[in-house]
Amino acid sequence: MAPSVRNAAILIAAALVLVGIMVTLVATNHPSDDVLIKQALTESIEASRKGQAGGVLDLLSKQLKVNQQAAPESSSIAKFIRESRPDITLTNEKPLVTGDEARIVSPMDLKLNFLGQSVSRHLDNVTLVFRREEGRSLLFLPVAKWRLSEVRMPENQVESLSE
């Protein structure tokens with residue numbers, strides 16, 4: 001066998017072994033649903049504090065609803081996050097997982113910059129509904145991802161946000 005053919009065969013074999021190892025790690029090394037949800041929530045809250053919309057948008061479902069109404073387009077959400085840098089604090093971050101759905105019910109403290117002013121609100125009984133959706137790992141491996149699909153809160157508290 002010629003040296004260049006042998007070198008190519010060795011490189012291909014090494015690449016296949018590396019891909020096999022990565023697939024095995026992804027398939028076998030996944031934390032519990034509780035941990036995945038808490039991790040996604042923590043990362044998105046931190047990203048929103050910094051005004052980094054990408055980290056937040058990755059957590060949001062394309063079918064996101066707020067009190068049964070479709071949420072604004074992702075470009076509007078991204079602009080809001082960059083401009084207002086919302087800081088969210090949940091008292092309870094423990095999800096109740098039931099099949100492909102998880103809920104977190106908690107009071108929420110919300111701080112943000114709105115039109116140059118600092119705004120703070122306390123919201124009671126906010127329900128965050130997460131659903132397991134298909135995502136990708138390593139660009140091609142299908143994995144389950146928990147995404148925020150619904151936010152519920154009392155109507156009077158929604159109205160107080162616009163004051």
**Complete:** So OG of Ser84 and NZ of Lys79: to nearest 0.5 Å the spacing works out to 11.0 Å
**Prompt:** CG/Leu36 to NZ/Lys145 distance, rounded to the nearest 0.5 angstrom?
**Reply:** 10.0 Å
**Asked** For the hydrophobic clusters of this structure (ILVMFWY residues joined by side-chain heavy atoms under 4.5 Å, transitively), does one cluster hold both Ile77 and Val151?
**Response** yes
**Item:** Same apolar cluster: Val126 and Val105, side chain cutoff 4.5 Å
**Value:** no
**Request:** Take Lys94 and Asp34, measure what side-chain contact (heavy atoms from CB on, under 4.5 Å) needs, and give me the verdict at the end.
**Result:** CA-CA 7 Å; Lys94 174 113 177 86; Asp34 284 12; 2.9 Å; yes
**Fill in**
Residue set satisfying side chain to side chain donor-acceptor pair (under 3.5 Å) with Arg152, at least two apart, ordered chain then number -> Glu150
**Message:** Salt bridge or not between Asp87 and Lys111? Use side-chain N to carboxylate O under 4.0 Å.
**Reply:** no
**From Leu148 atom CG to Lys65 atom NZ, the distance as rounded to the nearest 0.5 Å** = 13.0 Å
**Prompt:** Just how far is it from atom CG of Leu96 to atom CD1 of Ile104, taken to the nearest 0.5 Å?
**Reply:** 10.0 Å
**Item:** Student check: side-chain heavy atoms of Val56 and Phe80 closer than 4.5 Å
**Value:** no
**Prompt:** Per the side-chain contact (heavy atoms from CB on, under 4.5 Å) rule, which among Asn67, Asn125, Asp124 passes with Met153?
**Reply:** Asn67
**Prompt:** Looking at Pro86 and Leu110, what are the two nearest heavy atoms and their distance?
**Reply:** CB-CD1, 4.1 Å
**Request:** Mark yes when over 12 heavy atoms from residues, nucleotides or ligands other than Lys38 sit less than 6.0 Å from its NZ; otherwise mark no.
**Result:** yes
**Message:** Nearest 0.5 angstrom please: Leu59 CG to Ser149 OG, how far?
**Reply:** 10.0 Å
**Prompt:** Hey, mind stepping through Ile37 and Glu93 against side-chain contact (heavy atoms from CB on, under 4.5 Å) and telling me if it holds?
**Reply:** CA-CA 9 Å; Ile37 293 166; Glu93 291 185 353; over 6 Å; no
**Request:** Give a yes or no on whether Phe130 and Val35 share a hydrophobic cluster (residues Ile, Leu, Val, Met, Phe, Trp, Tyr; joining criterion: side-chain heavy atoms under 4.5 Å apart).
**Result:** no
**Message:** Is there a path of hydrophobic side-chain contacts, each under 4.5 Å between heavy atoms of I/L/V/M/F/W/Y residues, joining Ile45 to Val129?
**Reply:** no
**Prompt:** What pair of heavy atoms forms the shortest contact from Gly55 to Ala47, and how long is it?
**Reply:** CA-CB, 4.0 Å
**Asked** Is there a side-chain contact between Arg147 and Asp58 (heavy atoms, below 4.5 Å)?
**Response** yes
**Message:** If the threshold is 4.0 Å, N to carboxylate O, is there a salt bridge linking Asp109 and Arg121?
**Reply:** no
**Prompt:** Which atom pair, heavy atoms only, marks the closest approach of Arg82 to Ala53?
**Reply:** NH1-CB, 4.2 Å
**Any donor-acceptor N/O pair, Ser48 side chain to Arg85 backbone, under 3.5 Å** = no
**Prompt:** Any side-chain heavy atom of Ile88 sitting closer than 4.5 Å to one from Leu112?
**Reply:** no
**Prompt:** Is it true that the side chains of Ser61 and Glu133 contain a donor and an acceptor less than 3.5 Å apart?
**Reply:** yes
**Prompt:** Roughly how far, to the nearest 0.5 Å, is OG of Ser44 from CD of Gln52?
**Reply:** 12.0 Å
**Asked** Closest heavy-atom contact between Pro107 and His122?
**Response** CB-CE1, 3.8 Å
